[in-house]
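Okay, so here's the structure we're looking at.
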Amino acid sequence: MRRRGRSDWATQTPTWRQARPALIDDALKRACARPSGNWFVVGASRDVRTGGHPCGRTVGGTEVVLWRSETGELRAGPGACPHLGAPLRESRVVCGTLVCHWHGLALDGGPFAGWEPFPVHDDGVLVWVRLDAVGGEEPSERPVVPERPAPGGGVDAVFTAVGRCEPQDVVANRLDPWHGSWFHPYSFVDLTVARPPLGDEDDAFVVDVSFRVTGRLVVPVRAEFTAPEPRTVVMRITEGEGSTSVVETHATPLTAEGAARPRTAVVEAVVAASGRRGFALARAAAPVLRP
Ligand code: FES
């Protein structure tokens, strides 16, 4: 961490002049060409609680309901009851079984009366659902989960916002590092692109940037931006404080393809690691401090 001299937003180095739209476009095309296996991030793992209420999500115009069994296993399937179409997100989970609140039909997560479960994956931070009709790709057994700090070695937080755009707009935005210190000056300063992507073999934007902690206190790091699949961009700190920490951006379409007013959920997952004394304490305390 270092103390930085006072500077004005308008007088910072005009890095936006270095932005190269063709390079961003090429990186986006390569990202879109990678397989996703039809997996979509739907939220934080801890949002679907054992013994809690079911969660309702919409992905590409498809309603999805998620809940956990008594032993904590994830269940997912269409959001409408197979009897008369009740919204299952408003139902209750009784002993790990989803019980429709209209006429009491019980779903244990297996196929029933035309209701077919969706494959679901809990990576410990995020929940993914596989929707083959929405993705339209060759399905895969597991989603492309980014490499993260060693299990138990990080603290994670997940935040979701919704934008009026397509998932590719979100990915293109994240693959444009030049805009960082102009549009997000409360988070980033002194951002320079040390190396653009070199193509499929080495497809990372390498940046030197300082994270603003408070006022003039900043943490300088080197980070890489990569897109391991069409709807995910990962920023990984490779040198400096918090090395191996990641910030993942997952863009999940809410509306069906071709919608006149597309909407996309932007799910940001931060998994932070640090060698500093005190971080281990913070990591241990995180579960009881979270709301
Ligand atoms: S609509 Fe669900 S049981 Fe009738």
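Just so you know, residue 1 is the first one in the sequence shown, and it goes up from there. Just so you know, ligand 1 is whichever comes first in the structure, and atom 1 is the first atom listed for that ligand. These values consider heavy atoms only, across backbone and side chains, with no hydrogens, waters or symmetry-generated copies.
- Cluster partners of Leu254 are Val162, counting Ile, Leu, Val, Met, Phe, Trp and Tyr whose side-chain heavy atoms approach within less than 4.5 Å, directly or via other members.
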Determine whether His53 and Trp67 satisfy the following criterion, ring pair (Phe, Tyr, Trp, His ring centres under 6.0 Å), listing intermediate values before the conclusion. CA-CA 7 Å; His53 292 287; Trp67 76 98; over 10 Å; no
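- The shortest side-chain heavy-atom distance between Cys55 and Val65 does not fall under the 4.5 Å cut-off.
- By the 6.0 Å contact criterion, CZ on Arg30 is enclosed, its count of non-hydrogen atoms from other residues, nucleotides or ligands being greater than 12.
- Residue pairs meeting the ring-ring contact (aromatic ring centres under 6.0 Å, His included) criterion with at least one partner in residues 79-114, sequence neighbours excluded, are His83-His103.
- Distances from atom 4 (Fe) of ligand 1 under 2.8 Å pick out these protein N/O/S atoms: His83 ND1, His103 ND1.
- Under the ring pair (Phe, Tyr, Trp, His ring centres under 6.0 Å) criterion, Phe205 pairs with Trp178, not counting sequence neighbours.
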